[in-house]
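Heads up, the thing below is written out as structure tokens.
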Amino acid sequence: MADGSDTTMTLSRPVPGSLITGIKSFADDHGGAKAVIEYVGRRGARIVLVGEDGVWGDQMAEGTDIARSACAQAGVTIENAWERELLEQMRPSNDLWRSMGRRVLSR
């Protein structure tokens with residue numbers, strides 16, 4: 001700005017160290033990872049992590065800004081959307097298939 005003030009955006013909320021550690025740990029355990037961040041309203045943002053080995057998991061953050069910062073600090077690439085290649089890489093576990101089979105959908 002012309003008045004010399006700093007226009008750099010900063011997060012108003014700190015990124016929890018445990019979130020960064022969890023993302024790093026997942027990536028290390030699965031040969032690297034990519035992330036897709038999904039806004040889930042008042043609950044914040046869901047970070048879906050897909051490991052290079054096809055295993056996937058998720059973490060919750062207070063908002064998309066926190067989620068993006070945590071992924072960046074953990075060294076995990078953020079995908080802008082669910083691309084076909086990323087979906088094909090995912091390998092759901094047998095436990096997940098069983099739990100999905102037991103779910104009851106309600107209106």
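Note that the coordinates shown come from a computational prediction; the quantities given were computed from them, not determined experimentally. Just the heavy atoms: all of them, side chains too, but no hydrogens, waters or symmetry mates, feed the values below.
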Criterion side-chain contact (heavy atoms from CB on, under 4.5 Å) on Q73 and I23, from CA distance to verdict: CA-CA 9 Å; Q73 291 179 53; I23 294 169; over 6 Å; no
Backbone N/O of T21 and side chain of S25: donor-acceptor pair under 3.5 Å: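 Answer holds: no.
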side-chain contact (heavy atoms from CB on, under 4.5 Å) assessment of V55 paired with D29: CA-CA 10 Å; V55 174; D29 291 348; over 6 Å; no
Derivation and outcome, side-chain contact (heavy atoms from CB on, under 4.5 Å), residues E79 and V50: CA-CA 10 Å; E79 298 290 323; V50 181; over 6 Å; no
Side chain to side chain, S69 and I20, heavy atoms closer than 4.5 Å: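 Contact flag for S69/I20 side chains = no.
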Calculate, to the nearest 0.5 Å, the distance between atoms [atom1] and [atom2] belonging to [X] and [Y] respectively.
X	Y	atom1	atom2	value
L49	D58	CG	CG	7.5 Å
R68	I37	CZ	CD1	4.5 Å
S18	Q59	OG	CD	8.0 Å
I78	K34	CD1	NZ	13.0 Å

Distance-minimising heavy-atom pair for M60 and R43: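 For M60 versus R43, the nearest heavy atoms are CE-O, 3.9 Å.
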Minimum heavy-atom distance between A45 and V40, given as atom pair plus value: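 Taking A45 first and V40 second, the nearest heavy atoms are N-CG2, 3.9 Å.
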